[in-house]
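Lettering follows sequence order; numbering is per chain, from 1.
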There are 2 protein chains.
Amino acid sequence: MQAELAPITAKINSIYPLPQAELQLLVDSLERVTYPKNQLIICTTKVENHLYFIAKGIARAYCHAENQQVTFWFGQETDLILSYHSYINQQPGYENIELLENGILYRISDQALQSLYQNHINLANWGRKFVELELIKTEERLINRQFKSAAERYQELLAQSPSLLKRVSLKHIASYLGVTQVTLSRIRAER
Amino acid sequence: MQAELAPITAKINSIYPLPQAELQLLVDSLERVTYPKNQLIICTTKVENHLYFIAKGIARAYCHAENQQVTFWFGQETDLILSYHSYINQQPGYENIELLENGILYRISDQALQSLYQNHINLANWGRKFVELELIKTEERLINRQFKSAAERYQELLAQSPSLLKRVSLKHIASYLGVTQVTLSRIRAER
DNA sequence: TGAATTATTTAACATTTGTTAAAGGATGCC
DNA sequence: GGCATCCTTTAACAAATGTTAAATAATTCA
């Protein structure tokens, strides 16, 4: 359905403008799939060979540590779901990615995407630019964690992604911010 | 000098194997430069328009926060120095990168690199792969900071990069690990 | 609807890490 | 060599965050 895809193609072009022909090649490779809330899209036990654009829904990536889950990423409409570890190394990764709401996704097989990258230079550069932007975001989070208090990180998230707070449980927000639920509750009670 | 470049070209090829012709194009674009210890290679006040391969030396990236410096990256021989923020957004970044030892670098202008990316598909894919690997490393550090204690992070760094500990002051190591010098001293004094 | 589950808050206490200050070492430079 | 500077450690205390447990609120599902 074209209407569903429009925000996704707009996002793709905003990352790195693609000639119509190459954009079309990418779009033509997409397959529409739907999954229910709580569905695991990526899991640690198998190599995932698809990447997913989110048309509707919200997802979180987490990994297991000691006896807890560590949430380190959220994705919403137009975001791309992929396991970097699985995708880049072609072996099972450390991350699980699950839907937190019923979702509509458009997926492309890794094989198809690699083929596009090998044969279309603008798509290869699109892929490069996409990862560069992801890297900056991750680097900023790492740096922020070093010199901002948990309260400051919460206030920033609230300001930058208010919709996230409305759609995701505080349990997961706390983990994403790098604190316990108890600490987050304390922060929210202040003032 | 070819001998100096050999480890760098080997590293380049290990990231993503390049046909000889395209590797040569990249190598031919490199210019040898030397800088003394403490030289600022990248600074926040200007757009940096070169990327640097380290042939000899060690560098650290840091940014200013409150009244302290936050060190968030180290680079050694064969590593690539660039300011992602400056390079990706084409505006002054938040990071400074300085040499901690006298260094021999091979640099390429951003303009030349972009031109290579636009015209040579294997180089474009090399650039994509390079950033993907950087992203994984950054993501892992972010996750580790969430559920490993400062002591564990120190022990891991010691095991994975013993040479780093020998070449870099503990002040910078502490910042890289996300703790104060005092905390790092305590960790080292234990047991 | 109502029971069961899950999410969130609160409290008390423990632990880790930060802050400040001082002292001892190491290093570099004239 | 000796002075000055910077690095590292140690100590005492403060602040932030974690842990455990319990109470309350919200949600899910039969």
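Rounded to whole Å, the distance from CD on E190(A) to P on dT10(C) is 11 Å. The separation between Y154(B) atom OH and dT8(D) atom P is 11 Å, rounded to whole Å. Between the CG atom of L165(B) and the P atom of dC7(D) there is a distance of 16 Å, rounded to whole Å. The interatomic distance linking L184(A) (CG) with dA7(C) (C1') rounds to 12 Å, in whole Å. Separating the CD atom of Q69(A) from the P atom of dT6(C) is a distance of 13 Å, rounded to the nearest angstrom. Note: CD (Q181(A)) to C1' (dA11(C)) measures 16 Å, nearest angstrom. Atom-to-atom, CZ of F147(A) to C1' of dG18(C) comes out at 16 Å; the value is rounded to the nearest Å. Rounding to whole angstrom units, CG of residue L170(A) and P of dT8(C) are separated by 4 Å.
Within the structure, ring pair (Phe, Tyr, Trp, His ring centres under 6.0 Å) pairs that include any residue of residues 121-141 of chain A comprise W126(A)-F130(A) (at least two apart or interchain). Legend: ring pair (Phe, Tyr, Trp, His ring centres under 6.0 Å) pairs involving residues 14-58 of chain B, not counting sequence neighbours: none detected.
Taking 4.0 Å as the cut-off between side-chain N and carboxylate O, K137(B) and E134(B) count as a salt-bridged pair.
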Taking protein heavy atoms under 4.0 Å as touching, what does nucleotides 17-30 of chain D look like 5' to 3' if B marks base contact, S marks sugar-phosphate-only contact and - marks none? SBBB-------S--
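Heavy atoms of S185(B) sit under 4.0 angstrom from at least one base atom.
Side-chain atoms of R188(B) never come within 3.5 Å of backbone atoms of Y154(B) as a donor-acceptor pair (strictly under, hydrogens ignored). A donor-acceptor pair is defined here as one N or O able to donate and one able to accept, closer than 3.5 Å; no such pair exists between the side chain of R167(A) and the backbone of L100(A).
Listed pair R188(A) / dT9(C) meets the phosphate criterion, a side-chain N or O lying under 4.0 Å from OP1 or OP2.
When only modelled atom types and interatomic distance are considered, Y106(B) and E4(B) share a side-chain donor-acceptor pair under 3.5 Å.
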